[in-house]
Amino acid sequence: MKKDICPSDPYAWIEDSLDTIRRANWYRSVQTILSLPGADVVMDGKVMLNFASNDYLGLAGDPRLQEAAIAATRSYGTGSTGSRLLSGHRALHCQLEAAIARLKQTDDALVFSSGYLANLGTICALVGKRDLILGDRYNHSSLKSGAIASGATVIEYTHCGVADLQQHLQQHRAAHRHCLILTDSVFSMDGDICPLPEILEIAADFGCMVLVDEAHATGVLGATGAGVVEHLGCTGKPLIQMGTLSKALGSLGGYVAGSASLIDFLRNRAPSWIYTTALSPADTAAALAAIQIVQAEPQRRQQLWDNVQALRSSLALGDRQQASSPLASELAPVPILCFPLPDAATALKLSETLHQAGIFAPAIRPPTVPTSRIRITVMATHQPTHLAHLVATMKAGMEHQT
Ligand SMILES: *Cc1c(COP(=O)(O)O)cnc(C)c1O
């Protein structure tokens with residue numbers, strides 16, 4: 001190629017692109033935590049109240065999970081050395097899968113190396129070119145990426161829009177072979193819950209599979225911590241339940257739970273399970289210990305709800321923003337509370353105010369979400385003084401804005 005039509009530095013556009021990201025206030029960087037995970041953490045040499053963690057039950061620093069991980073490492077080493085189908089499979093994986101299937105009341109379950117990979121591999125295994133995917137517009141990135149990677153025709157329906165979903169199916173279902181409906185159960189950036197019973201009804205009418213992503217609900221919602229499927233009385237319905245071991249279960253990895261034939265099929269057809277190294281012994285053992293705690297200690301869930309209710313009522317009461325309903329998750333029993341803000345700069349400013357008051361609660365901005373917000377995640381291990389400090393600082397911060 002001629003020199004004059006080729007850029008002299010083919011990587012130069014990356015720096016330009018970063019500049020654009022910075023100008024839009026979309027630039028992100030990492031924050032270092034120097035302590036065990038928990039309701040308070042050490043950052044920058046300062047103790048910070050942590051309202052940014054997905055460790056809803058406070059298990060990620062629990063000594064029992066640590067001990068389980070250490071014991072598994074001593075017995076089986078640090079790495080699993082291969083994919084499950086080659087040298088990576090251990091009895092611990094089977095034990096964890098059986099525990100997940102028991103919790104979910106499904107025939108079987110399969111653990112992946114992350115929730116992201118569970119979604120990617122499952123969607124790609126189940127649908128392809130001749131098929132149709134209908135996904136909630138606010139679905140998690142891993143569901144969206146899986147949908148695109150599958151090669152299926154992808155249509156997004158309005159957030160929790162049952163009528164819109166139905167309309168798309170009326171229009172497009174007949175022209176496709178399989179159809180898969182994808183939805184978060186608890187929406188990670190909004191904290192609301194999908195209308196699962198209605199979605200299942202429509203799915204039955206149109207002959208569709210349903211995959212529900214329980215990442216933020218596993219261990220948290222439902223009488224036994226099985227998730228939104230249990231919370232909404234859909235246990236035993238024909239659906240594909242996926243979730244993560246990395247949030248309330250305090251470990252790392254993802255899972256899919258469902259019928260024996262579904263799981264058997266995924267072991268043969270999910271590329272992100274077949275062609276990746278098996279979950280490490282430490283992660284597997286920690287997740288297994290966490291599931292046992294979730295089932296044996298329902299009081300952790302109760303404490304979490306008490307904290308969510310307390311925070312919700314004190315943040316809404318007397319708040320000048322009450323009219324515009326600052327809490328998207330008003331009625332749903334979920335530990336994610338969102339404060340919508342007019343733009344990225346305002347969200348960053350409030351996040352900074354919180355930071356200066358010793359509170360870690362991030363501004364979530366485009367492109368992660370369509371509109372900027374402060375996202376607060378609640379833990380069972382937050383103390384009343386923690387909640388009070390957050391409420392006081394939020395209120396003062398909002399007053400300052402105008
Ligand atoms: C976190 C998350 C995932 C990904 O799970 P990882 O185990 O962290 O990869 C998938 N879906 C949703 C809704 C999530 O919030």
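Since the model is a prediction, treat every value here as computed from it, not as a measurement. Just so you know, these numbers use all the heavy atoms, side chains as well, and skip hydrogens, waters and symmetry mates.
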Donor + acceptor pair across side chains of D264, S261 (<3.5 Å):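 No, no side-chain donor-acceptor pair sits under 3.5 Å.
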
Q166 and Q170: side chain donor to acceptor below 3.5 Å: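 Side-chain D/A pair, Q166 to Q170: absent.
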
Rounded distance (nearest 0.5 Å) linking atom [atom1] of [X] with atom [atom2] of [Y]:
X    : Y    : atom1 : atom2 : answer
T224 : R301 : OG1   : CZ    : 6.5 Å
L390 : L311 : CG    : CG    : 5.5 Å
M189 : I336 : CE    : CD1   : 7.5 Å
L354 : L49  : CG    : CG    : 10.5 Å
Y11  : D16  : OH    : CG    : 15.5 Å
S142 : D184 : OG    : CG    : 7.5 Å

Chi angles and distances behind the side-chain contact (heavy atoms from CB on, under 4.5 Å) call for I263, D107: CA-CA 9 Å; I263 300 306; D107 295 345; over 6 Å; no

What closest approach, in Å, do [X] and [Y] show between heavy atoms, and which atom pair accounts for it?
X    : Y    : value
C208 : L169 : SG-CD2, 3.7 Å
V127 : M209 : CG1-CE, 4.0 Å
G121 : P271 : O-CD, 4.0 Å
W273 : R267 : CZ3-O, 3.4 Å
A118 : V256 : CB-CG2, 4.2 Å
I376 : A361 : CG1-CB, 4.4 Å

Partner set under side chain to side chain donor-acceptor pair (under 3.5 Å) for S83, not counting sequence neighbours: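 Once residues adjacent in sequence are excluded, S83 has no partner under the side chain to side chain donor-acceptor pair (under 3.5 Å) criterion.
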
Geometric class of the F51/H382 ring pair [parallel <30°, tilted 30-60°, perpendicular >60°]: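 The arrangement is parallel - the two ring planes meet at less than 30°.
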
Evaluation steps, side-chain contact (heavy atoms from CB on, under 4.5 Å), between F112 and T122: CA-CA 10 Å; F112 289 71; T122 302; 3.9 Å; yes

Counting heavy atoms not belonging to [X], are there more than 12 under 6.0 Å from its [atom1]?
X    : atom1 : result
E201 : CD    : no
R64  : CZ    : yes
R269 : CZ    : no
D44  : CG    : no
R74  : CZ    : no

Given 3.5 Å as the limit, does a donor-acceptor pair link the side chain of [X] with the main chain of [Y], or not?
X    : Y    : answer
R102 : T106 : no
D131 : H178 : yes
T284 : H93  : no
K104 : A226 : yes

Short N-O contact, E15 and R22, less than 4.0 angstrom: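 Answer for the salt bridge query: yes.
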
Test: D164 and R137 ion pair at under 4.0 Å: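 No salt bridge links D164 with R137.
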
The single option from N139, T183, N119 passing side chain to side chain donor-acceptor pair (under 3.5 Å) against D213: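 That would be N119; it is the only one of N139, T183, N119 passing the side chain to side chain donor-acceptor pair (under 3.5 Å) with D213.
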
side-chain contact (heavy atoms from CB on, under 4.5 Å) between I359 and H389, worked out: CA-CA 8 Å; I359 296 168; H389 184 45; 3.7 Å; yes

Those residues that, when tested against H159, pass ring pair (Phe, Tyr, Trp, His ring centres under 6.0 Å) (two or more places apart):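 Per chain and number, H159 pairs via ring pair (Phe, Tyr, Trp, His ring centres under 6.0 Å) with Y138, F187.
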
Ring pair (Phe, Tyr, Trp, His ring centres under 6.0 Å) partners of Y255, counting only residues at least two apart: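 Not a single residue meets the ring pair (Phe, Tyr, Trp, His ring centres under 6.0 Å) criterion with Y255.
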
Non-neighbouring partners of L348 that pass side chain to side chain contact (heavy atoms under 4.5 Å, CB included), sequence neighbours left out: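 Partners of L348 by the side chain to side chain contact (heavy atoms under 4.5 Å, CB included) criterion, ordered by chain and then number, come out as N25, A363, R365.
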
Qualifying residues under side chain to side chain contact (heavy atoms under 4.5 Å, CB included), relative to Q383, sequence neighbours excluded: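 Q383 satisfies side chain to side chain contact (heavy atoms under 4.5 Å, CB included) with T385, H386 once adjacent residues are dropped.
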
Side chain to side chain donor-acceptor pair (under 3.5 Å) between S185 and E214, worked out: CA-CA 5 Å; S185 69; E214 295 262 49; 2.6 Å; yes

Qualifying salt bridge (charged side-chain N to carboxylate O under 4.0 Å, His left out) pairs, either residue in residues 383-394, two or more places apart: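 Non-adjacent pairs meeting salt bridge (charged side-chain N to carboxylate O under 4.0 Å, His left out): zero.
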
Side chain to side chain donor-acceptor pair (under 3.5 Å) between S145 and Y116, worked out: CA-CA 9 Å; S145 299; Y116 203 105; 2.9 Å; yes

Minimum side-chain heavy-atom gap T371-P340 below 4.5 Å: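 Answer no - side chains too far apart.
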
Full working for side-chain contact (heavy atoms from CB on, under 4.5 Å) between V334 and V308: CA-CA 7 Å; V334 297; V308 169; over 6 Å; no

